[in-house]
Amino acid sequence: MKPFIYTAQPSRVIFGNGALAQLSEEINAMGAKKALVLSTPEQRASAQKIADLLGSHAVGIFDRAVMHVPIETAREARAVARQLGADCAVAIGGGSTIGLGKAIAMESGLPILAIPTTYAGSEMTPIFGITEAGIKKTGRDLRVLPRTVIYDPELSQSLPVGLSVTSGINAIAHAAEGLYAVDGNPIMSLMAEEGIAAISRALPQIRQQSDQMAARSDALYGAWLCGTVLGHVGMALHHKLCHTLGGSFNLPHAETHTIVLSHALAYNAKAAPQAMVRIARALQVDSAPQGIYELALHNGAPVALKDIGMREQDLDKACDIALQNQYPNPRPLERSALRQLLQNAFDGAPPQA
Ligand SMILES: NC(=O)C1=CN([C@@H]2O[C@H](COP(=O)(O)OP(=O)(O)OC[C@H]3O[C@@H](n4cnc5c(N)ncnc54)[C@H](OP(=O)(O)O)[C@@H]3O)[C@@H](O)[C@H]2O)C=CC1
Ligand SMILES: O=C(O)/C=C\C(=O)CC(=O)O
């Protein structure tokens with residue numbers, strides 16, 4: 001066993017069908033009495049349901065969360081929280097809404113209770129992201145780690161199948177990179193392998209029948225595990241590429257992760273053989289990169305960057321940005337191999353080692 005350091009992060013998880021019924025009890029346990037409920041405009045009805053459940057312990061709803069937390073939205077939400085005297089934020093939705101809660105917490109220290117309905121995993125991490133003047137900055141701060149997380153699979157039943165598949169592969173990406181993280185540890189590796197297995201068996205079932213509760217439960221369980229890995233260990237090439245493509249070329253988050261992952265794993269395969277064995281074992285396939293590619297392909301997810309808005313003439317620029325600011329990665333970053341990786345991802349070609 002290699003030496004390692006493991007620092008557990010404090011968060012309380014309530015998991016199960018109907019777990020939302022415990023919301024008021026959990027808000028009381030946090031010592032909060034004035035919750036500000038957060039959502040996207042489209043999920044306003046869910047936010048209203050939360051406010052109704054909280055009754056006099058809800059002071060308002062802020063329903064303007066959008067992807068990547070623009071600083072203007074963060075400022076607006078912070079001001080509303082202050083005006084209403086909120087003493088906690090309840091975020092229902094995906095990474096965009098939970099990210100807005102984090103932007104409030106970062107300034108005010110308000111505790112967050114998160115109710116995730118996608119598989120992105122932000123609820124389990126102390127990572128925040130804020131976008132200012134077109135540049136997204138991310139960082140880690142324990143103040144933004146949600147205090148309590150309620151995972152209720154019933155709430156994810158309405159997540160469309162396409163989004164469920166790409167969001168699930170977004171979660172798998174956290175676990176896959178966690179398995180070769182420079183600061184990895186055996187606990188996170190156990191969670192990573194179990195998380196990949198749970199999500200990869202759930203996605204084909206969700207595709208067949210999107211409201212199948214056992215599969216929704218497996219997927220959310222996997223998302224919890226994979227999000228925990230993201231929160232505890234450092235990510236590498238795959239996440240860097242996705243942030244570059246999302247941040248500089250405005251590509252959609254989960255779809256970008258879905259397309260890039262098989263290629264990033266192929267790039268790292270020879271340098272991280274143990275991680276590849278564990279990913280393949282979790283997927284029940286022979287090859288980790290090919291297994292991820294087929295998981296996307298067979299479940300109707302996009303496999304080519306050209307199909308989600310990337311322009312071929314921007315691939316060189318994307319490669320240059322991804323090479324800036326060196327970061328730990330199992331295989332050193334080599335320009336020509338990285339450029340080929342991006343070309344393969346652009347074309348939708350199968351991953352090549
Ligand atoms: N800080 C961290 O640790 C992490 C941050 N992130 C960040 O989070 C964002 C991505 O998170 P992600 O969850 O993929 O994106 P969103 O939160 O934007 O959600 C993705 C989509 O899911 C839809 N959706 C969510 N819940 C439901 C539901 N119950 N029923 C129907 N549709 C639903 C949303 O619809 P609608 O718009 O209609 O609400 C939206 O179109 C990115 O900005 C990413 O950088 C991601 C992972 C970790
Ligand atoms: O960009 C952020 O807000 C922070 C982390 C992530 O998005 C993780 C990911 O790329 O899925």
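Remember, it's 1-based here, ligands and their atoms both numbered in the order they're listed. Each residue takes its place number in the sequence, starting with 1.
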query: So, is H239 polar-close to ligand 2, with some N/O to N/O distance under 3.5 Å?
result: no

statement: Using heavy atoms and a strict 4.0 Å limit, residues surrounding ligand 1 turn out to be T40, E42, Q43, M67, H68, G94, G95, S96, K102, T117, T118, A120, S122, T125, I127, K136, L155, S158, L159, P160, L163, L230, H253

- prompt: Would D320 and K317 pass as an ion pair if we require N to O under 4.0 Å?
  reply: no

message: Under a 4.0 Å threshold between the charged nitrogen and the carboxylate oxygen, would E107 count as salt-bridged to R82?
response: yes

message: Enumerate the salt bridge (charged side-chain N to carboxylate O under 4.0 Å, His left out) contacts for residues 202-221, please, sequence neighbours excluded, ordered by first and then second residue.
response: R201-D218

- prompt: Of all the atoms in ligand 2, which lie at a distance below 4.0 Å from a heavy atom belonging to H257?
  reply: 9 (C), 10 (O), 11 (O)

query: Which residue supplies the protein heavy atom nearest to atom 4 (C) of ligand 2, what is that atom called, and how far is it?
result: I127 CG2, 3.7 Å

Nearest neighbour in protein (non-hydrogen) for atom 2 (C) of ligand 2: K136 NZ, 3.5 Å

Extract all donor-acceptor atom pairs below 3.5 Å that involve side chains of residues 5-19 and protein atoms in other chains or at least two apart in sequence.
{"from": "Q9", "atom 1": "NE2", "to": "G231", "atom 2": "O", "distance (Å)": "3.0"}
{"from": "R12", "atom 1": "NE", "to": "E26", "atom 2": "OE1", "distance (Å)": "2.8"}
{"from": "R12", "atom 1": "NH2", "to": "E26", "atom 2": "OE2", "distance (Å)": "3.0"}

task: Ignoring angles and geometry beyond distance, decide whether N170 reaches within less than 3.5 Å of ligand 2 through its nitrogen or oxygen atoms.
output: yes

query: In the protein, which heavy atom is nearest to atom 7 (O) of ligand 2, and how far is it?
result: H253 CE1, 3.4 Å

field: Stepwise side-chain contact (heavy atoms from CB on, under 4.5 Å) test for T228 and M188
entry: CA-CA 8 Å; T228 303; M188 288 306 125; 4.2 Å; yes

- prompt: Would you call D87-K34 a salt bridge at under 4.0 Å N-O?
  reply: no

- prompt: Do NZ/NE/NH1/NH2 and the carboxylate oxygens of D316 and R339 come within less than 4.0 Å?
  reply: yes

field: Of all pairs that satisfy salt bridge (charged side-chain N to carboxylate O under 4.0 Å, His left out), the ones with a partner from residues 236-260, not counting sequence neighbours
entry: none

query: Just one of H257, E177, H243 clears the side-chain hydrogen bond (donor to acceptor under 3.5 Å, both in side chains) bar with H238, so which one?
result: H257

Residue, atom name and distance, where the atom is the protein heavy atom closest to atom 6 (C) of ligand 2: H243 NE2, 3.5 Å

- prompt: Strictly under 4.0 Å, does any heavy atom of H174 approach an atom of ligand 2?
  reply: yes

field: Salt-bridge contact R64-E76 (side-chain N to carboxylate O under 4.0 Å)
entry: yes

